[in-house]
2 protein chains.
Amino acid sequence: MSSTPELRDRLGYLLKHAFMQLDDLVTAVLAPHNINGRELGLLIHIAAHEPASQQQIAQRMQIDRTTMVALLDTLEAKGVVARRPHAEDRRRNVVALTDHGQQILKLGQEASAKAERQFLEPLSGDVATKFRTALQAIVK
Amino acid sequence: MSSTPELRDRLGYLLKHAFMQLDDLVTAVLAPHNINGRELGLLIHIAAHEPASQQQIAQRMQIDRTTMVALLDTLEAKGVVARRPHAEDRRRNVVALTDHGQQILKLGQEASAKAERQFLEPLSGDVATKFRTALQAIVK
DNA sequence: TATTGTTATACTCTATAACTATA
DNA sequence: TATAGTTATAGAGTATAACAATA
């Protein structure tokens, strides 16, 4: 007596829509800071590592280097990151957060954490923690 | 003594990459059947409901009706769905699976289930079940 | 020769506007 | 006049190829 499989039973459907729901929340709370979730991700990555060239950042974030150019153009126009010439290798740009970027990073992370709490609201604290742990075990 | 927040700590990162990993697995196992995960989702939806017009399907799946046209064009070219004129309202198309589509649906669902098992392999059976339940609680 | 950053280009996915045929 | 399906078009996001500057 198995019922007809529904779209909502597909893990792909669930993961895609979960991401979209969270992304909507994150976009909303970050809007006052003039960045989006993807840009915050880049700020977090830059802040967490030694000063790096565009290529190094692109490789570590698994973003195409031509895509990185456009992303950094946007963030530089917003004044949150700066490109400086590398001291020894003049082909490279060293990418770093500006003071304003440090501020936006801090505010953005607080806002993002708030969006995550909203997103996880349907789960109890214990289940939410296990949910995150499961995701970390799955994502390589 | 909190360490620097890393990109991998962000729920958005985890959900996006989890989806991409699963999508890669699903794409691989569905390739022999000449459909992708999105198309299988549409076949599942059509099979699970009463015969419906393109618009009804688009609304229920939250897909734009112009996107639905292109999706159905592809699936019709592959011979898995057929558009038939509605008996009473000739503006409408009734969309249904062909016999071949029924076959592809069955094979595709088996393949998709296999991909999901691969995807959930890092989790114990119990944790995997709770993971899916948590996703269902979150997704509206 | 190889590498870094860049530009030009194209392809996918999605959405908006406008057209057609039917109601 | 409103609706179903369609087409044309444009906007994101991403990827490939080719170029200039530098190593």
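To find a chain, count down the sequence lines: A is the first, B the second, and so on, and within it residues start at 1. Because only heavy atoms are used, hydrogens play no part in the values below, and waters and symmetry mates are left out as well, while side chains stay in.
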Participant: What pairs with Glu110(A) under salt bridge (Lys or Arg N to Asp or Glu O under 4.0 Å), at least two apart in sequence or on another chain?
Facilitator: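 Scan of Glu110(A) (salt bridge (Lys or Arg N to Asp or Glu O under 4.0 Å), adjacent residues dropped) gives Lys106(A).
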
Participant: Using the test salt bridge (Lys or Arg N to Asp or Glu O under 4.0 Å), find all partners of Asp126(A) that sit at least two apart in sequence or belong to another chain.
Facilitator: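 Asp126(A) satisfies salt bridge (Lys or Arg N to Asp or Glu O under 4.0 Å) with Lys130(A) once adjacent residues are dropped.
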
Participant: Could I get the full list of ring-ring contact (aromatic ring centres under 6.0 Å, His included) partners for His17(B), not counting sequence neighbours?
Facilitator: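 Residues passing ring-ring contact (aromatic ring centres under 6.0 Å, His included) with His17(B): Tyr13(B).
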
Participant: Does the protein touch nucleotides 3-12 of chain C at the base, only the backbone, or not at all? Give it as B, S and - per nucleotide, heavy atoms under 4.0 Å.
Facilitator: BBBBB-----

Participant: Which residues in residues 9-25 of chain A have at least one heavy atom lying under 4.0 Å from any atom of DNA chain C?
Facilitator: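 Contacting residues: Lys16(A).
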
Participant: Under the rule for side-chain contact (heavy atoms from CB on, under 4.5 Å), what residues qualify as partners of Gln136(B), not counting sequence neighbours?
Facilitator: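 Counting only residues at least two positions away or on another chain, Gln136(B) forms a side-chain contact (heavy atoms from CB on, under 4.5 Å) with Arg8(A), Asp9(A), Leu14(A), Arg132(B).
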
Participant: Only counting residues at least two apart or in another chain, list the ones meeting side-chain hydrogen bond (donor to acceptor under 3.5 Å, both in side chains) with Asn36(B).
Facilitator: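 Asn36(B): no side-chain hydrogen bond (donor to acceptor under 3.5 Å, both in side chains) contacts found.
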
Participant: Which two nucleotides bound the region of DNA chain D that has atoms under 4.0 Å from heavy atoms of chain A, read 5' to 3'?
Facilitator: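 Nucleotide range with atoms under 4.0 Å of chain A: dT14(D) to dA23(D).
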
Participant: List in chain and number order the residues that pass ring-ring contact (aromatic ring centres under 6.0 Å, His included) with His45(A), two or more places apart in sequence or in another chain; answer none if no residue qualifies.
Facilitator: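 In terms of ring-ring contact (aromatic ring centres under 6.0 Å, His included), with neighbours along the sequence ignored, His45(A) is linked to His49(A).
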
Participant: For Lys114(B), check side-chain hydrogen bond (donor to acceptor under 3.5 Å, both in side chains) against everything at least two apart and list the hits.
Facilitator: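 side-chain hydrogen bond (donor to acceptor under 3.5 Å, both in side chains) check on Lys114(B) returns nothing, list empty.
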
Participant: Applying salt bridge (Lys or Arg N to Asp or Glu O under 4.0 Å), can you list everything that pairs with Asp89(A), at least two apart in sequence or on another chain?
Facilitator: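 With neighbours one apart ignored, the set is Arg91(A), Arg92(A).
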
Participant: Using the test salt bridge (Lys or Arg N to Asp or Glu O under 4.0 Å), find all partners of Glu6(A) that sit at least two apart in sequence or belong to another chain.
Facilitator: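 In terms of salt bridge (Lys or Arg N to Asp or Glu O under 4.0 Å), with neighbours along the sequence ignored, Glu6(A) is linked to no residue.
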
